[in-house]
There are 2 protein chains.
Amino acid sequence: MSKPTIRDVAKVAGVSQGTASRVINQLPVKPALKARVDSAISTLGYTPNALAQSMRLKYTRTIGIMIRDFSVPAFVNFVKVAQNILSEAGYVLLLAASEDRPEREAEVLNAFASRADGLILTTNAARENSVEKTRSNLSLPVIMLDREPADRQDAILIAHREGMHDALNYLFGLGHKRIALITGNASARPARERILGYREAHAEHGVEIDDALIRTRNFSKEYAFAETTALLGSGNRPTAIVVGGVAMLPGVLRAIKTCNLRIPEDISLIGGTDPDLSELVEPPVTAIQVDYHAIGVEAAQLLLERLNNRIDPSPRIIKFDSKLVIRKSCAPPSSTRSAETELRSLRRSSDT
Amino acid sequence: MSKPTIRDVAKVAGVSQGTASRVINQLPVKPALKARVDSAISTLGYTPNALAQSMRLKYTRTIGIMIRDFSVPAFVNFVKVAQNILSEAGYVLLLAASEDRPEREAEVLNAFASRADGLILTTNAARENSVEKTRSNLSLPVIMLDREPADRQDAILIAHREGMHDALNYLFGLGHKRIALITGNASARPARERILGYREAHAEHGVEIDDALIRTRNFSKEYAFAETTALLGSGNRPTAIVVGGVAMLPGVLRAIKTCNLRIPEDISLIGGTDPDLSELVEPPVTAIQVDYHAIGVEAAQLLLERLNNRIDPSPRIIKFDSKLVIRKSCAPPSSTRSAETELRSLRRSSDT
DNA sequence: ATGAAAGCGCTAACAC
DNA sequence: GTGTTAGCGCTTTCAT
């Protein structure tokens, strides 16, 4: 009892396969025949096989998005707005997570290769030749998201370097000298650019960098927790932390809470984007903010234009600025900080 | 210059299509021929067309998940663990969001119908006959997620009724009588069950229900914000709010903040699950907690067993309990609350 | 071990 | 306006 095909429909309706197809595709068919086909369709419960359709038609009306991880609140807006635009244009949006693992990236890319008409993706493929080969072999329009495209290709980039620079200027202005940076793997663009901005700002302000303050491995909140804990527990603790990642804030906040430190008295903090969390905790967290809504619009529209061949073939690189939203998590470093906080955390932990 | 096919490979290698196919599928081929095919593959940059493969083989090695919305932090764990298990078993996981819109549900279901071997889904189809027809017409294994299956079908259900009952018992125990419930659309199981639990608990404690305290339209945080604001602004304000939804907490917290009320002095709060947010805000929020990790494991394994025909065909219904995690957002209602909080909010707003 | 050919379900070109 | 048929790219008989 497998699914009925168009042949079954034709047979039951007593017409040819071609006529059945024409009814399904709303092409002109004499009413009497159309009625028979329609009734055959409903008695059989026929649905066209999308696989066979795509195979014949050479398009799928599907767009694939590959992202690192679904736990990134900022991506939610991005996906939602992209979905609305693409769905309006008649496409179905399918998502896959790479979990930042090269083998899964390749898998997903392959899965999408013949199952989608276009792709929006964040990949770390650059690191891995095998994945990069898969990617470059794709014969469909691809919009790279926050990744430097290896060859001639559309990309939407976020100005992380400038954003980090702004954040550091702000902290230097408050008098900080020991500023930690926690971000993801430097092999991918976002972290790499942030580190650049971090170094630039230090150079500009004539502050020497303590490399122990730069923590860069992955973007998870678990990693953020571990590194924050380590930084705060070290003898020569930073006076401020900048989080360069979009899902790391919970880990950093947990660590600060666990260490019984106060924001901003004991430690200043600039968070990655997480609109809800950063506004709802006490004190609200100053953050480097990116307009993911606008990025979603741009990515979807650019992809649609490519799909319709409506723009010249030279690759488009679009850059989005970030904005430092100042809330209440930063203050000047207290010069007597070190001794004072030791005392306070002692006092605190003794009364629990 | 379209993508090379297996025919191109065969031609370049000077072998038959069948032999090329055998090389690709690791079947025994004489080394000399195999070498020629391999070199043809790499010079052409050939990749098999997954569409054609699936069409021929009748399977796709793909699992689809349809959820309402990606903004639900709890789903993230669910998806992540399901992905790990399914990926281990050789499947690629593709996600789609229905945005709670029937027409999109139908679209997604159709898209998955011939593009996936199995489905995990949360649908409100029950409301919409057209969607339900699409669903019931699916000829692949489906695990329903937190939805009462219409016909004989596997499902994983969460004990929302019992969870809500527990939450209310706790609040009644603290002395609350006016308890608001904010949850999603009652046409779907989760909200319906929560309302049941709410009514049961009231009946049990002999407390009459003020229907104005039950707010049930959708699960978005924007809706939660609006309803919380309305409830708090009303003359006869509740003394406690229970949030019955997994992504609503930010909206509720924002509203309480905007109204300048304090938790738990002015208003007690029990939140839906959002592990990070509920633990990191001040005070930490008591919550009805569900183990989405375990649910992900169960869903993935059940689906795999179905795909392998390894279990008897009678539908499995698996129920997961929730747990009330008591933090610090609930306190007895203050009898003089009304006058007092009016004063406080006046004082506060005057010093901003 | 290999080649020739059928056929998965569909649409479109062609003939009537 | 309708029926017949080729062919999308692939795997798998069936011969050899």
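Bear in mind the structure is a predicted one, so any value in this text is a computation, not a measurement. Within every chain, numbering begins at 1; the chains are lettered A, B, ... in the order of the sequence lines, protein sequences first and strands thereafter.
The shortest distance between side-chain heavy atoms of A:Leu138 and A:Phe112 does not fall below 4.5 Å.
When distances run from any side-chain atom of A:Ser21 to the nucleotides C:dT11, D:dT12, C:dG9, the shortest one goes to C:dT11. Distances were taken from every side-chain heavy atom of B:Lys30 (C-beta onward) to each of D:dG1, C:dT2, D:dC8; the shortest belongs to C:dT2. In this structure, of D:dG9, C:dC8, C:dT2, it is C:dT2 that holds the atom nearest to the side chain of B:Val29. Of all nucleotides listed (C:dG3, C:dA1, D:dC10), D:dC10 comes nearest to the side chain of B:Pro48. In the set D:dG9, C:dC10, C:dT2, the nucleotide with an atom closest to the side chain of B:Asn49 is D:dG9.
Computed from coordinates, the A:Gln26 CD to C:dT11 C1' distance equals 15 Å when rounded to whole Å. Counting to the nearest Å, the P atom of C:dA12 and the CG atom of A:Leu27 are 8 Å from each other. Across the protein-nucleic acid pair, A:Arg36 atom CZ and D:dG1 atom P stand 16 Å apart, rounded to whole Å. Across the protein-nucleic acid pair, A:Gln17 atom CD and C:dA15 atom P stand 19 Å apart, rounded to whole Å. The distance between atom CE of B:Met55 and atom P of C:dC10, rounded to the nearest whole Å, is 8 Å. Between the P atom of C:dG9 and the CG atom of A:Leu51 lies a distance of 11 Å, rounded to the nearest Å. The nearest whole Å value for the distance from the OH atom in B:Tyr59 to the P atom in C:dG9 is 16 Å. Between the CD1 atom of A:Ile24 and the C1' atom of D:dT2 there is a distance of 15 Å, rounded to whole Å.
A sub-4.0 Å separation between OP1 or OP2 of D:dG9 and a side-chain N or O of B:Lys3 is absent. For D:dG9, one of the phosphate oxygens OP1 or OP2 lies less than 4.0 angstrom from a side-chain nitrogen or oxygen of A:Lys58. Taking side-chain N and O atoms only, B:Ser16 has no distance below 4.0 Å to OP1 or OP2 of C:dT2. Phosphate contact (OP1/OP2 of C:dT11, side-chain N/O of A:Gln53, threshold under 4.0 Å): present.
Listed for the B:Arg36 side chain is a donor-acceptor partner under 3.5 Å among the backbone atoms of B:Ala13. Checked by atom type and distance alone, the side chain of B:Asn185 pairs as donor or acceptor with a backbone atom of B:Ser187 at under 3.5 Å.
You won't find any donor-acceptor pair under 3.5 Å spanning the side chain of A:Arg56 and the base of D:dG9, going by distance alone.
Using a 4.0 Å heavy-atom distance criterion, A:Tyr46 is classed as a sugar-phosphate-only contact. Using a 4.0 Å heavy-atom cutoff across all strands shown, A:Leu33 reaches sugar-phosphate atoms only and no base atom.
No side-chain donor from either of A:Arg61 and A:Gln53 sits under 3.5 Å from a side-chain acceptor of the other.
Taking the six-membered ring for Trp and thresholds of 30 and 60 degrees, A:Phe70 and B:Phe70 have nearly parallel ring planes, at less than 30 degrees apart.
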Evaluation steps, side-chain contact (heavy atoms from CB on, under 4.5 Å), between A:Val29 and A:Val37:
CA-CA 10 Å; A:Val29 169; A:Val37 173; over 6 Å; no
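Both B:Ala52 and A:Leu57 sit near DNA chain C, but only B:Ala52 has its closest nucleotide nearer the 5' end.
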